[in-house]
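Letters A, B, ... mirror the listed sequences (proteins, then strands); counts begin at 1.
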Amino acid sequence: MQLDYKKLNFKCGIEIHQQLDTKKLFCNCPSLIRDDKPDIIIKRRLRASAGESGEVDAAALHEVKKEKQFIYQAYSDTTCLVELDEEPPHDVNKQALEISLQIALMLNAKIVDKICFMRKTVVDGSNTSGFQRTALIATDGFIETSKGKVKIETICLEEEAAKIVKRTKKEDTYNLSRLGIPLIEIATSPDIKDPEHCMETAKKLGMILRSTNKVKRGLGTIRQDVNLSIKGKSRVEIKGFQDLRNMPKIIENEARRHLELLEKGQELKKEVRKANKDLTTSFMRPMPGSARMYPETDIKTIRPDISKIKIPELITDKSEKLEKDFNLNKDLADLITKSGKIDFFISLANKYKNIKPLFIADILMNSGKEIKRRYNKEIDASRHIEEILEHLNKGKISKEAVFEILVEKANGKKIDYKKYLLMSDEEIKKILKEIIAKNKGAPFNALMGQAMAKLRGKADGKKIVELLKKLV
Amino acid sequence: MQAKTRDTVVVETKDKKLNGILMPVPETEKDIVILKLESGYNIGIDKKNIKAIKLVKTFERKKEKTAEVKLNKKLPTISILHTGGTIASKVDYKTGAVSAKFSPSEIIDMFPELKKIANIKSRKIASMQSEMMRFVHYNLMAKEIEKEVKKGVNGIIITHGTDTMHYTSAALSFILEDLPVPVILVGSQRSSDRGSTDAGLNLVSACYFIANSDFADVAICMHENLNDESCLILPALKTRKMHTSRRDAFRPINTTPIARVNFNEKNISFMKKDYDKKNKNKKLNLKLFNEKTRVGLIKTHTNMFAEEFLAYKDFDGLVIEGTGLGHLPNEEIDEYTKENKKIFNALSDMIKKGLVAVMSSQTIYGRLQMNVYTPMRELQEIGVLGHLSDMTAETTFIKLAWLLSNYKKEEVKQLITKNLRGEISERVEDKTFLS
């Protein structure tokens, strides 16, 4: 039975966390997430910081924490004293701040007059300092969707937490390589109408973020948390969506779970749940209380300067333009924009005017996959394409040779371009004549087949046809 | 009524109304209002964009009740005297205000482990960042320590800002003669409003050490390394803050630590055998600083000018942080180095007029040897002292000022290179370098 979300008084909002592709937010370490053997191990304990008393029994809380030791793994070459909580933060990473302002503008949000970084208390050890640094950058934005405006309540810039490696009763182990990577947090209002709409909103926000070309790509670099409730009852937060395509079904299942519990008259708890592989959800932890925040006194307040911020073109717009400008099909254009190689492609297409853009796009996007499929070898075509296209553009090698050269490269061989130099018309004619002489009376296609086999990579296919026609 | 800091308000701007709490604004940013929103975030709002600020609720400081601390007769008594810094500060998450907590019950509340170690007495004797201190504050601390000793406590802890903690430890070492109980200075490199503070382990380790060892001298207790595992008990006169921010910034210079305290394993291991032991029969005698004593500390460098030295011409004493074994630019060796001769003449003149000048080395580690090269012999000739000393510049400074406060000038010149309280090592072992 289809659910009527309007009747259910379905309330849903989404919170997106996206890692930025810059150095760390408060130091000059690379944002390089690692899991190789660490060369630094630090053992720490967290103390119940005094301010918590009054709200929680400090002594009791302390007893809990005292038992737990935190082991931090770090690397001499990619983490520094800041991640270890042994050096105060540096000034905020300018690039990360600019990207967050850029995103705020793309989301039609109002940037605050002055940005104040805060310390948000974190007690699980995932921050060596005992808090996460976070700042509210902008409020009151919106995006357009097929079902109307979805308001953006807040946009924050914050530090990524350390990655949990292992939990035991006595100690938790964290890897510090992820700690401090800049993270944009975007929270929408509960304006989402239904599960499909939630996916649409998530996709659109993801697309906008990727349009900056400054966000990290790949597994775990973007996370979506969905908040939902029905019939004005308790709110539940769902974390851990692996594949956005499953989002609508997971949300629908969760709404059904709420409905079932309410029908049975059972209590619906305010809690954080995890999205499961079978598209249901399961309990993760109780909903945390309101965050305890106090000013990060090591960082001055920042007056944002948006005068030099440029709003990038959306990748959906770019993709459409790519189709038109370079005469590509939609799939290939989308593939290029999604890959983040759009600027690279455009530069290649503009530089090598003698080559069809479609051919460049195909080599750039598909040759790697094809080589993997055929020869089970890895190669990143974008790293070699310029060198090869340079030869092709000058008419020194044939189109066919381009793929063969990539195959050779994938096999780790050094390329001798002389081997691929195109033959002169005279040389081609000589070979064609030999073929015709050996196969007297053979049909044109058979001759062509033999000629191609012999001349592959040394002459352009079109040219062979042309010359063969003349000779027969 | 006009809203004040920490009041709950509604701020009306051109396009919206914002609920929140008014936060204190730094002196340098008077053009904005900082509002703590209901989400907990602070934002700065330009005053020019504000149409009105409406008061919703005035701020009321919550009265916190704390339980009486019961005396445990089986446990020793330790007095904690606070001089400032953030070791016992507490954050109010609602308003972001940091307030310092000093009463015994508040201290126990924050560091409950202390209850099982000792009966804690605690009070504030000053409230300052350590770089603000003057000689008068050393005297003040010494007098407060004397009061506690007279009350019969088993040990005293001074909480202190870290920047000049090694100056204070040296000063107290000289002032407190025949100390019957330990005096341990404790600081923190991460403030106690955060979960990762080192204050707790430093304080608890110091208490544990006082309660469970026979040591009775002045020392510093700080983290041994970056782990929250062990603290070092460091010699008051031979320790230096060697890093701006690390937890293990305090390192012994030209000597070993006194002991290591591992509170989690309840273990104390002494690295030094020879130290002053608790003795109730000792009678504490204070040899205070003369607060009017003027001693300078000058660091030599290349391309120096005589005026730099002449700035100290009316001082009682001057510590020179020279280079290497005890050099300063005092020779004219070519047409370009005439200024060096001026420096030499100026210094010579100042010493003749009564300045006591003592050398130390900016290498930090190692001993002076002022006979090795001729220029240093010339310095000795004009009366620059310090030959064979291995004191840090900071300890030399404190010692010189203290000697000038308590002894005649001729005695000062004798005593400055004589070991009085362990400030000069007879032997320096290999493992003490960069440890």
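No more than 12 heavy atoms of other residues, nucleotides or ligands lie within 6.0 Å of NZ in B:Lys51, so this atom counts as exposed by the packing criterion. Atom CG of B:Asn72 sits in a crowded spot, with more than 12 heavy atoms from other residues, nucleotides or ligands closer than 6.0 Å. More than 12 heavy atoms of other residues, nucleotides or ligands lie within 6.0 Å of NZ in A:Lys239, so this atom counts as buried by the packing criterion. The 12-atom threshold is not exceeded at CD of B:Glu60, counting heavy atoms of other residues, nucleotides or ligands nearer than 6.0 Å. By the neighbour-count criterion of 12 heavy atoms within 6.0 Å, atom NZ of B:Lys47 is densely surrounded, having more than that number from other residues, nucleotides or ligands.
Looking at heavy atoms from C-beta onward, B:Met23 lies out of side-chain contact with A:Tyr294 at the 4.5 angstrom threshold. Inter-residue side-chain proximity for B:Leu226 and A:Lys43 is flagged as unmet; no heavy-atom pair is nearer than 4.5 Å. With contacts defined as side-chain heavy-atom distances shorter than 4.5 Å, the pair B:Asn42/A:Pro295 qualifies. Residues B:Glu229 and A:Arg45 fail the side-chain proximity criterion, which asks for heavy atoms closer than 4.5 Å.
Annotation: the span from A:Asp113 atom CG to B:Ile34 atom CD1 amounts to 11.5 Å, rounded to 0.5 Å. The CD1 atom of B:Ile43 sits 7.5 Å away from the SG atom of A:Cys116 when rounded to the nearest 0.5 Å. Annotation: the span from B:Arg194 atom CZ to A:Asp85 atom CG amounts to 5.0 Å, rounded to 0.5 Å. Note that CG of A:Leu84 and OG of B:Ser245 are 10.5 Å apart. Values are rounded to the nearest 0.5 Å. Taking NE2 from B:His243 and CD from A:Glu86, the interatomic distance works out to 8.0 Å, rounded to the nearest 0.5 Å.
Neither the backbone nor the side chain of A:Lys300 comes within less than 4.5 Å of any heavy atom of chain B. For chain A, no part of B:Asn225 is nearby; none of its heavy atoms comes within less than 4.5 Å. In this structure, chain A has no heavy atom under 4.5 Å from any part of B:Asp198. Looking at B:Ile108, neither its backbone nor its side chain comes within 4.5 Å of chain A, counting heavy atoms on both sides. Contacts between A:Ile41 and chain B at a heavy-atom distance below 4.5 Å involve the backbone alone (N, CA, C, O).
Under the 4.0 Å criterion applied to side-chain N and carboxylate O atoms, A:Lys114 and B:Asp46 are not assigned as salt-bridge partners. Salt-bridge formation is not detected for the pair A:Arg47/B:Asp228: no Lys NZ or Arg NE/NH1/NH2 atom is positioned less than 4.0 Å from an Asp or Glu carboxylate oxygen. Checked for salt-bridge contact, B:Arg246 and A:Glu87 miss the test: no charged N lies under 4.0 Å from a carboxylate O. By the 4.0 Å N-to-carboxylate-O rule, B:Glu29 lies too far from A:Arg303 to be salt-bridged with it.
Counting heavy-atom pairs closer than 4.5 Å to chain B, the top-ranked of the candidates A:Ile115, A:Val122, A:Thr297, A:Thr301 is A:Thr301. In terms of heavy-atom pairs under 4.5 Å with chain A, the best-connected choice from B:Asn49, B:Thr244, B:Asn264 is B:Asn264.
The stretch residues 127-143 of chain A places A:Thr128, A:Ser129, A:Gly130, A:Phe131, A:Thr134, A:Ala135, A:Leu136, A:Thr139, A:Asp140 near chain B, each with some heavy atom under 4.5 Å from a heavy atom of that chain. Near-neighbour residues of residues 156-175 of chain A relative to chain B, defined by a heavy atom under 4.5 Å from a heavy atom of that chain, comprise A:Cys156, A:Glu158.
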